[in-house]
Amino acid sequence: NFRKAVESVNVVVAPYESEDPDKEFKEGGLGRVQVDPTDGTVAFGSGLQQWGFTLKKFAVMYGQKFNQPPQKMMEKLWGDYFHDKAGGVWKKGNPHKNISNGLKRAFVQFILDPIQMLCQAIMEEKDKKVKKMLTTLGINLKKEDMELKGKKLIKPVMQKWLPAADCILEMMVMTLPSPRRAQGYRVDCLYDGPLDDEAAQAIAKCDESTGLMMFVSKMVPTSDKGRFYAFGRVFAGTIGTGQKVRIYGPNYDGGKKDLHLKSIQRTLIQMGRYVEQVSDVPCGNNVCLVGVDQYILKTGTITTIESAHSFRQMKYSVSPVVRVAVDVKNPSDLPKLVEGLKRLSKSDPLVLCITGDAGEHIIAGAGELHLEICLKDLQDDFMKGAPIKVSDPVVSYRETVQ
């Protein structure tokens with residue numbers, strides 16, 4: 001199943017890969033886009049329980065045992081590689097013959113089986129066996145976690161053994177291109193103006209000494225009522241506190257329409273759930289801005305280059321087609337609903353909040369799960385727990401005749 005999942009992803013991304021991806025990469029292009037577990041570009045895990053790993057995690061561990069370098073060990077932990085414990089040798093290929101002889105693929109033998117054994121021992125509450133395995137793996141749990149039983153214990157154990165954060169960070173560091181490299185071949189997809197103008201050249205070079213080019217991709221609600229951080233990425237130049245900038249709204253057409261000349265009140269960096277104020281942020285980094293939320297609805301462009309065009313608007317593979325009507329149970333909470341819908345519409349790029357022909361308030365989302373999340377945010381975060389009434393979801397059908 002894992003192999004089929006990897007193959008299905010590669011089928012989708014293969015059309016975007018050039019005939020000679022290695023040559024393209026050397027010339028500064030995109031390079032390989034197909035993924036391979038032996039390259040560390042595939043992670044396995046559980047999003048629900050927040051654990052994950054790449055083959056490198058186990059390759060380092062087993063490489064010491066078999067006296068193999070990690071890269072060589074990664075190749076043996078995927079595909080038709082089998083380890084004959086009785087003979088002490090590795091076998092490649094002939095999966096039907098090796099499996100019929102009682103051998104298991106290395107991925108199953110050295111990765112899946114240990115995970116299954118640990119989870120099974122926890123579920124069957126074999127405390128002595130679990131403690132022995134935790135000691136062998138070097139897992140130290142908190143006192144309150146050790147008191148958990150069964151399924152509740154699996155989550156903290158797996159998070160300690162195979163933390164998803166370490167896995168994702170490792171993949172980001174080892175496989176993602178640097179902003180300076182990536183923007184060189186992405187500028188034609190990002191920028192809406194001519195590729196030979198000042199702004200486009202600054203974006204392609206990711207040069208902090210040029211004029212500012214920044215794209216605001218999301219509005220993040222703050223603890224202050226009705227205020228938002230403008231979250232986005234600096235593609236060229238440097239943005240700082242007090243800097244006077246040009247803000248292009250979604251309806252900017254190259255003239256003065258939807259153009260605002262304002263100063264940045266504060267520049268912040270998001271550190272998990274905390275924000276840290278800084279004096280300035282150079283290109284290649286993400287940043288949060290304070291004081292521009294009243295000029296940007298969902299996304300926008302911020303620049304200091306007068307001749308600059310806007311960044312292209314983000315495109316989504318889904319549309320807000322599932323709709324529900326919302327209303328308050330207590331008429332006194334109506335102002336909270338109206339204000340909450342405004343904040344919801346601004347904070348989620350995909351959601352659509354409109355007023356129907358009969359005056360009802362309608363929320364449209366990409367699906368029932370998306371709507372469920374939006375309604376929870378509306379009631380708990382934006383309306384401070386005020387009760388609301390929600391109608392049954394309705395899907396709008398459209399037909400096109402060509």
Side-chain angles (χ1 to χ4, degrees), residues 164-166 168-169 172-173 176-180 182-183 186 190-191 199 202-203 206-250 252 258-305 308 310-314 339-340 342-351 373-374 377-378 380-382 384:
D166 291 356
I168 295 172
L169 184 60
M172 291 170 63
V173 172
L176 290 183
S178 68
R180 181 163 291 174
Q183 289 176 202
R186 290 178 181 168
L190 298 169
Y191 189 58
I203 295 171
C206 192
D207 189 353
E208 63 181 288
S209 64
T210 62
L212 171 69
M213 287 297 294
M214 174 183 170
F215 179 67
V216 176
S217 58
K218 184 176 176 63
M219 304 301 290
V220 182
T222 70
S223 55
D224 297 334
K225 183 180 179 182
R227 299 308 300 271
F228 291 81
Y229 294 135
F231 176 81
R233 177 169 167 173
V234 184
F235 285 90
T238 301
I239 192 164
T241 302
Q243 185 177 9
K244 194 169 185 179
V245 297
R246 298 162 61 88
I247 303 172
Y248 298 165
Y252 177 72
D258 215 359
L259 168 64
H260 309 277
L261 301 176
K262 300 295 175 182
S263 296
I264 305 298
Q265 292 182 8
R266 284 185 294 156
T267 50
L268 310 170
I269 295 178
Q270 281 192 314
M271 308 289 288
R273 56 182 173 176
Y274 304 104
V275 292
E276 183 176 339
Q277 185 170 346
V278 293
S279 58
D280 55 55
V281 176
C283 55
N285 295 283
N286 295 329
V287 64
C288 284
L289 305 179
V290 177
V292 299
D293 52 332
Q294 59 264 49
Y295 310 110
I296 300 175
L297 179 61
K298 291 177 182 283
T299 61
T301 300
I302 297 179
T303 182
T304 57
I305 303 173
S310 298
F311 281 96
R312 293 183 179 178
Q313 295 297 314
M314 291 190 294
E339 181 64 27
K342 289 180 181 178
R343 300 193 69 190
L344 176 64
S345 176
K346 202 163 189 174
S347 65
D348 193 321
L350 266 178
V351 76
I373 296 171
C374 291
D377 290 343
L378 173 66
D380 296 346
D381 298 336
F382 303 142
K384 305 299 181 184

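Scope of the values below: all heavy atoms of this structure, side chains included, with no hydrogens, waters or symmetry mates.
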Partner residues of [X] under the ring pair (Phe, Tyr, Trp, His ring centres under 6.0 Å) criterion, sequence neighbours left out:
| X | answer |
| --- | --- |
| Y229 | none |
| Y295 | H260 |
| F311 | F215, F235 |

Quick one: list whatever passes salt bridge (charged side-chain N to carboxylate O under 4.0 Å, His left out) with [X], sequence neighbours left out.
| X | answer |
| --- | --- |
| R227 | D293 |
| D381 | none |
| R186 | none |

Who passes side chain to side chain donor-acceptor pair (under 3.5 Å) against [X], sequence neighbours left out?
| X | answer |
| --- | --- |
| T299 | Q313 |
| D207 | S209 |
| R246 | Y248 |
| D280 | none |

Closest non-hydrogen atom pair, K346 against L297: CG-O, 2.8 Å
With D348 via side-chain contact (heavy atoms from CB on, under 4.5 Å) - residues at least two apart: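 side-chain contact (heavy atoms from CB on, under 4.5 Å) check on D348 returns L350, V351, H370, C374.
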C206: side-chain contact (heavy atoms from CB on, under 4.5 Å) partners, not counting sequence neighbours: P179, R180, Q183, C283
Other residues, nucleotides, ligands: >12 heavy atoms within 6.0 Å of K262 NZ: no
Donor-acceptor contact below 3.5 Å, side chain K298 vs main chain S345: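 Yes, the answer is positive, given that a donor and an acceptor are paired below the 3.5 Å cut-off.
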Evaluation steps, side chain to side chain donor-acceptor pair (under 3.5 Å), between S279 and T241: CA-CA 6 Å; S279 58; T241 302; over 6 Å; no
Point-to-point distance, once rounded to the nearest 0.5 Å, from CG of N286 to CG of L268: 13.0 Å
